[in-house]
Amino acid sequence: MKKEKTMKLTLPVEEYMGPGHLACQGCGATLAMRYVLKGLGPKTALCIPACCWAVIDGPFPYSCLEVSIFHCAFETAASSASGLKAGLEMVGDKETTVVGWAGDGGTFDIGLQALSGAAERNEDILYVCYDNEAYMNTGIQRSSATPYGAWTTTTPVKHFKNRPKKDINAIMAAHRIPYQATASIGYPEDLVKKVKKAKETKGTRFLHIYSPCPAGWKSRPEDTVKLGRLAVQTGLFPLFEMEYGENCKLSIKVKERKPLADYVKLQGRFRHLSAEELKLMQEEVDARWARIVAQCGG
Amino acid sequence: MSKKKTLEKIVLATERDFPIMPMSLGTMHHNRTGAWRNIRPVIDKEKCIQCGICWKFCPDVAIYVENEYPVVDYVYCKGCGICAEECPVKCIAMVEEEK
């Protein structure tokens, strides 16, 4: 045997998510939940609208999470969380962090007005959007978070999506909320750090987590974490944080960006794209990256 | 250290013990997701450098730490292969399941 050595774990060891949940093999959303709960601790209440996580945690009275969950209607994640927070303050509970936990459909499309309203009132909630870039729970339909060129069941190969992804972070920055950040499951230490910072902040906090979905992206389950990392390294999903819509700061500084092809070739949903279309995607990513870097001051 | 989770019965002695918020009665431990698996991860302890990366990236919380080494919980491991892919020294092999 080798000499005695202790394991160095870079994340908090407390586990608030148990095994036996109903997620697909290699699900990115479960990793996102695991890391967020590690950052938030047991004093947390979740408001989950219709999304993958409404299924993953299991049927009542069972749940794979050790924190309280409130299943709400699709469009009401932010407003339910605001109400829950107000109710808890009425009974004297000021410690509990109330989290609105929605997928990209519940944030970008259906829950946008509730989120905008809560952000405008500056409700004391943390809103987490785990982004798997389509309505995965109902069968991979196109959402406004789906990127250009992607196949979904409602944008088949012949008529693939020809509009770019909605920039939700710019929308939230326009609300001037106290804290907002993007994170990826490929960088868990950075994610937990941002969750802890969000927990300390008062007011509406918005966290956008990139969580790959092997079933919907037609990628191999073992590539989930690699895709989360490649999205950052190619500049497709820059990781940054903002305070009051300003002070934009890059958290992972990518010196040499990898070509977008590295990321695209791992996924079956982009298989039909020609070289010109891929070039168009690359140009779009380059333009967005230049915009973010300029915003962060070089 | 990260321990393996076990099923615990929740007992509320008096009505004062009831929590403010609704909570679940139990875990999902009865759902043995190991049956979904086609390939199983096998950790080679001789090559393991104890970095904890497999523990960190397991979506099923099926890797726990015992005696400073990662151990796979085959009752719940769904066999996604993230641990084998992310292992920096490639000491985890994905072996086909024998039925």
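Chain naming here is simple, since letters A, B, ... match the order of the sequence lines and numbering starts at 1 in each.
- Atom NZ of A:Lys197 has more than 12 heavy atoms from other residues, nucleotides or ligands within 6.0 Å.
- For the pair A:Arg229 and A:Tyr187, the NZ or CZ position fails the cation-pi test of under 6.0 Å to the six-membered ring centre and within 45 degrees of the ring normal.
- The aromatic rings of A:Tyr210 and A:Tyr263 sit tilted, their planes meeting at an angle between 30° and 60°.
- Residue contact with chain B, scored on non-hydrogen atoms closer than 4.5 Å, involves the side chain of A:Lys38 exclusively.
- There is a side-chain donor-acceptor pair under 3.5 Å between A:Glu189 and A:Thr10.
- Residue-level contacts of residues 79-97 of chain A with chain B, in order of numbering, are A:Leu88, A:Val91, A:Asp93, A:Thr96; threshold 4.5 Å between heavy atoms.
- In this structure, A:Arg271 is not positioned above the aromatic face of A:Trp217 in the sense of NZ or CZ being under 6.0 Å from the six-membered ring centre and within 45° of the axis.
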Checklist entry - Passes ring-ring contact (aromatic ring centres under 6.0 Å, His included), B:Trp55 versus B:Tyr64? Steps please. => result CA-CA 7 Å; B:Trp55 168 83; B:Tyr64 57 99; over 10 Å; no

Which pairs of donor and acceptor atoms, one on a side chain in residues 39-59 of chain A, lie under 3.5 Å apart (sequence neighbours left out)?
residue, atom, partner, partner atom, Å
A:Thr44, OG1, A:Gly41, O, 2.8
A:Trp53, NE1, A:Ala29, O, 3.2

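- For a residue to count as touching a neighbouring chain, one of its non-hydrogen atoms must lie under 4.5 Å from one of that chain's; by this rule A:Phe70 does not touch chain B.
- For the set B:Cys51, B:Ala62, B:Gly34, B:Cys58, the count of heavy-atom pairs under 4.5 angstrom toward chain A peaks at B:Cys58.
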